[in-house]
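No experiment lies behind these values; they were computed from the predicted model shown. Residue numbers begin at 1 in each chain, while the letters A, B, ... track the order of the sequences.
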Protein chains: 2
Amino acid sequence: MPTISDVARITGLSKSTVSRVINNHPYISSQKREKVLKAMEEIGYYPNPSARRLRGHTSNTIGVIVPRIVNPFFSYLVNSIEQEAFKNNYQVIIFQSNDLKDKELYFLNLLKNRQVDGIIMTSIENDWETIEPYMQYGPVLLCNEYVNQSSVSKVRLDQKKGAYMGTEHLINKGHQKIAYCTGGLFAGYGRDFDRNTGYQKAMDKHQLTPNPNWIFIQRHSIEDGKKVVKEILSMNDKPTAIFSGSDEVAAGIIIEAKENGLKIPDDLAVIGFDDQPLAEIVDPKLTTIKQPIDEMGIKSVELLIQMMNSKDSMVEEVQLPIQLIEREST
Amino acid sequence: MPTISDVARITGLSKSTVSRVINNHPYISSQKREKVLKAMEEIGYYPNPSARRLRGHTSNTIGVIVPRIVNPFFSYLVNSIEQEAFKNNYQVIIFQSNDLKDKELYFLNLLKNRQVDGIIMTSIENDWETIEPYMQYGPVLLCNEYVNQSSVSKVRLDQKKGAYMGTEHLINKGHQKIAYCTGGLFAGYGRDFDRNTGYQKAMDKHQLTPNPNWIFIQRHSIEDGKKVVKEILSMNDKPTAIFSGSDEVAAGIIIEAKENGLKIPDDLAVIGFDDQPLAEIVDPKLTTIKQPIDEMGIKSVELLIQMMNSKDSMVEEVQLPIQLIEREST
DNA sequence: TTGTAGGCGTTATCAC
DNA sequence: GTGATAACGCCTACAA
């Protein structure tokens with residue numbers, strides 16, 4: 001593997017000059033610049049990232065924390081991030097927190113060693129007070145999940161509006177008994193809180209009061225969705241529609257409802273969130289709230305790179321549009 | 001961020017001694033070892049990976065090349081790899097080749113800079129002659145995709161048997177006109193070749209000859225599956241069953257077949273490959289060949305770590321079992 | 001069993 | 001404009 005010294009030797013110049021060319025410094029005769037460039041090309045020289053990192057430069061590596069990559073929402077997000085990063089000459093290290101506080105912290109630690117230049121967090125496990133101190137070691141960007149803190153950059157959606165739209169869509173279809181199913185707990189802030197608020201706002205506006213039994217929390221998987229149906233079937237007062245915070249849970253609901261002879265959307269209308277590929281696979285096809293995943297990834301990388309390059313810490317917040325996709329399940 | 005010098009200063013020992021403790025060298029008085037360990041703990045010392053890398057040591061990083069992470073097969077594989085790597089204190093850099101030769105080569109290049117200690121390739125784009133030279137820079141392991149080369153380690157399945165089982169299953173159900181749908185071209189070796197061979201072998205054994213029109217190549221997505229159905233519908237001599245090399249294509253086939261009024265499995269039996277989650281979502285549920293993805297990932301990491309630790313290059317081949325999951329589509 | 005010194009490849013600083 | 005040199009943090013001959 002050729003080094004900067006090799007280039008220097010071949011061109012008869014000093015390492016400093018070569019380094020300057022590499023880093024696009026001014027004050028170099030274009031004649032020598034050409035010479036260096038040519039030599040680099042010839043011997044296939046490529047700067048050693050470890051050395052750069054050690055010397056205090058950037059590592060051209062960004063870390064992405066996801067709860068789990070097998071969730072299509074996150075694999076699509078990672079896809080978009082990786083593509084955009086590659087375009088900008090960055091590599092992506094992927095971390096799965098598995099909803100574990102410790103693992104999340106461990107990953108955040110890599111910022112200290114400059115293992116990564118910056119981190120995109122797509123989920124948050126620890127309290128913000130725990131996470132915030134890590135920001136002094138390098139830029140941290142929140143994508144998808146967020147907190148109500150003005151000190152951190154975010155790329156996010158209007159979750160409140162999304163849930164509002166979905167709920168109102170069901171109301172417009174004539175439903176009054178609308179169940180609500182979320183992945184989170186009833187947190188006091190962030191993504192899930194905003195969704196909850198959106199649902200409530202829509203219900204309130206139409207003077208509807210949900211039966212507390214119709215509120216399901218911490219549901220994530222297809223299996224969870226199936227269980228929701230079982231619970232509903234055992235109720236005296238059953239909902240006629242259900243808003244689910246994830247397409248996967250919604251898919252589970254549809255599958256199990258059909259098994260039990262329920263007609264969708266007649267007996268039970270279902271609306272999901274994400275617009276994952278399975279929304280078109282499930283039968284009937286799923287009405288859902290589409291999140292602009294690709295744009296989120298692209299914007300996140302763009303912003304993070306800006307943050308890494310700006311000397312003083314900058315904070316920016318980007319909000320992307322959200323959209324209702326009506327299919328057959330409502 | 002504390003360095004080895006800090007630990008040395010605090011303990012009153014030299015950097016060498018500290019380094020020896022870190023690297024578990026023999027010939028250290030257990031008394032001093034304790035002292036060092038304690039100091040490291042206290043100040044939260046963690047070796048700087050860049051420095052280690054530069055000095056010629058390992059980076060505790062492995063690279064994984066996948067064609068695309070949004071394909072559930074690969075996201076599950078990456079999940080398993082990341083989990084196992086984390087257990088062993090390794091980080092995972094993820095690369096998407098997007099079926100591009102250049103991108104694949106670019107990633108392989110990182111082996112030279114010791115950006116990664118080893119690479120797991122889950123797909124192969126370039127000719128083997130092009131890839132082989134990179135193996136001198138570090139261990140490369142083939143997982144899932146493979147070539148008929150004894151000089152490289154592999155973790156793979158008996159693809160031939162898988163395709164054979166699937167095809168014979170259809171034959172046993174009374175089908176004679178069996179279409180075949182693969183993601184690859186008709187390569188002369190490797191995974192897809194073995195699958196093709198398995199299909200042919202099963203057909204031959206039962207003295208069946210497929211209509212050449214029933215052979216579909218380079219089909220990957222749900223959309224591709226839908227197109228296959230359209231093509232079939234326009235044929236005079238139609239197959240009654242179809243073996244698909246991927247669950248996604250199979251799902252597309254089922255969806256489009258239903259749209260066109262075909263009953264599954266009566267009018268068209270469908271069998272997939274992978275056992276992805278969608279196999280249980282699609283209606284009717286998909287019969288498929290299950291690949292032990294988790295074991296593949298675990299075994300790959302295990303093996304790669306062994307390879308990275310062994311001084312002389314070792315080559316090993318692991319073959320994992322494969323299994324038919326019968327559901328409703330056949 | 002422990003310490004000293006040098007170098008991995010790069011870039012920033014200071015000279016010229 | 002260009003070059004020598006030190007330093008980033010770590011590990012390993014070599015010496016003691």
Side-chain angles (χ1 to χ4, degrees), chain A residues 1-37 39-40 43-61 89 109-115 117 137-138 309 311, chain B residues 1-37 39-40 43-61 109-115 117 137-138 311:
Chain A
M1 203 58 199
T3 75
I4 200 172
S5 303
D6 295 323
V7 181
R9 195 166 25 74
I10 292 173
T11 55
L13 295 165
S14 73
K15 292 197 292 177
S16 325
T17 305
V18 177
S19 173
R20 288 190 185 102
V21 173
I22 296 170
N23 295 285
N24 280 315
H25 281 236
Y27 308 129
I28 304 211
S29 69
S30 52
Q31 184 204 114
K32 301 201 168 157
R33 161 168 279 125
E34 287 311 319
K35 205 168 166 185
V36 170
L37 257 20
M40 297 202 311
I43 62 174
Y45 166 80
Y46 185 76
N48 180 317
S50 304
R52 295 187 126 175
R53 224 169 296 200
L54 183 58
R55 189 57 182 73
H57 235 63
T58 67
S59 54
N60 269 31
T61 306
N89 236 312
N109 253 303
L110 300 176
L111 222 37
K112 290 194 194 172
N113 310 318
R114 302 196 226 231
Q115 273 292 84
D117 293 335
Y137 301 113
N309 291 338
K311 209 55 211 160
Chain B
M1 201 61 198
T3 74
I4 201 173
S5 304
D6 296 323
V7 181
R9 196 166 26 72
I10 292 173
T11 56
L13 295 165
S14 74
K15 291 195 293 176
S16 339
T17 307
V18 177
S19 172
R20 289 189 183 101
V21 172
I22 296 169
N23 295 285
N24 280 314
H25 280 236
Y27 309 128
I28 304 215
S29 71
S30 54
Q31 185 206 114
K32 300 200 169 158
R33 160 168 280 123
E34 288 310 319
K35 203 168 166 185
V36 170
L37 256 20
M40 296 200 312
I43 64 175
Y45 167 79
Y46 184 75
N48 180 317
S50 304
R52 294 187 125 178
R53 226 168 294 200
L54 185 57
R55 188 59 182 72
H57 236 60
T58 68
S59 54
N60 269 32
T61 305
N109 254 304
L110 300 175
L111 223 37
K112 291 195 194 171
N113 310 319
R114 305 196 221 237
Q115 274 290 85
D117 293 335
Y137 300 113
K311 210 55 211 158

- Contact boundaries on DNA chain D for chain B, cut-off under 4.0 Å to non-hydrogen atoms: D:dG9 to D:dA13

- Message: Using 0.5 Å steps for rounding, measure from the CD atom of B:Q115 to the OG atom of B:S50.
- Response: 8.5 Å

- Task: Check whether any side-chain heavy atom of A:Y45 lies under 4.5 Å from a side-chain heavy atom of A:P47, and answer yes or no.
- Result: yes

- Close approaches to DNA chain D from residues 1-14 of chain A, in residue order (heavy atom, under 4.0 Å): A:L13, A:S14

- Rounded to 10°, tell me the angle between the two end axes of the helix from C:dT1-D:dA16 to C:dC16-D:dG1, each built from five pairs. 40°

Tell me which donor-acceptor pairs under 3.5 Å the side chains of residues 14-22 of chain A have, and how far apart each pair is, sequence neighbours excluded?
| unit_1 | atom_1 | unit_2 | atom_2 | d |
| --- | --- | --- | --- | --- |
| A:S14 | OG | A:S16 | N | 3.4 |
| A:S14 | OG | A:T17 | N | 3.3 |
| A:S14 | OG | A:T17 | OG1 | 3.2 |
| A:S19 | OG | A:N23 | ND2 | 3.4 |

- Message: To the nearest 0.5 Å, what is the distance between NZ on A:K35 and NZ on A:K32?
- Response: 7.0 Å

- Just to confirm, is there a sub-4.0 Å distance from OP1 or OP2 of C:dT10 to any side-chain nitrogen or oxygen of A:Y45? yes

- Query: Would you say the side chain of B:M1 lies within less than 4.5 Å of the side chain of B:N48, judging by non-hydrogen atoms?
  - Reply: no

- Taking the nucleotide of DNA chain C with the closest heavy atom to each, which residue, A:N48 or B:R20, is nearer the 5' end? B:R20

- Of all residues at least two apart in sequence or in a different chain, which pass the side chain to side chain contact (heavy atoms under 4.5 Å, CB included) check with A:N89? A:Y46, A:N60, B:Y106

- Please confirm whether any donor atom in the side chain of B:S16 sits under 3.5 Å from an acceptor in the base of C:dT4, or the reverse. yes

- In whole Å, what is the span from the CG atom of B:L54 to the C1' atom of C:dT11? 13 Å

- Can a side chain N or O of A:R55 be found less than 4.0 Å away from OP1 or OP2 on C:dA12? no

- Task: With heavy atoms under 4.0 Å as the rule, sort B:S19 into base, sugar-phosphate or nothing.
- Result: base

- Task: Could you walk me through whether A:V36 and A:R33 pass side-chain contact (heavy atoms from CB on, under 4.5 Å), step by step?
- Result: CA-CA 5 Å; A:V36 170; A:R33 161 168 279 125; 5.9 Å; no

- Item | CG-CG distance between A:D117 and A:N309, expressed to the nearest 0.5 angstrom | 9.0 Å

- Message: Using a 4.0 Å cut-off on heavy atoms, which residues in residues 23-36 of chain B reach DNA chain D? List them by number, or say none.
- Response: B:N23, B:H25

- Item | Short side-chain N/O contact to C:dG3 OP1/OP2 from B:T17, under 4.0 Å | yes

- Residues in side chain to side chain contact (heavy atoms under 4.5 Å, CB included) with B:D6, at least two apart? B:P2, B:T3, B:R9, B:I43

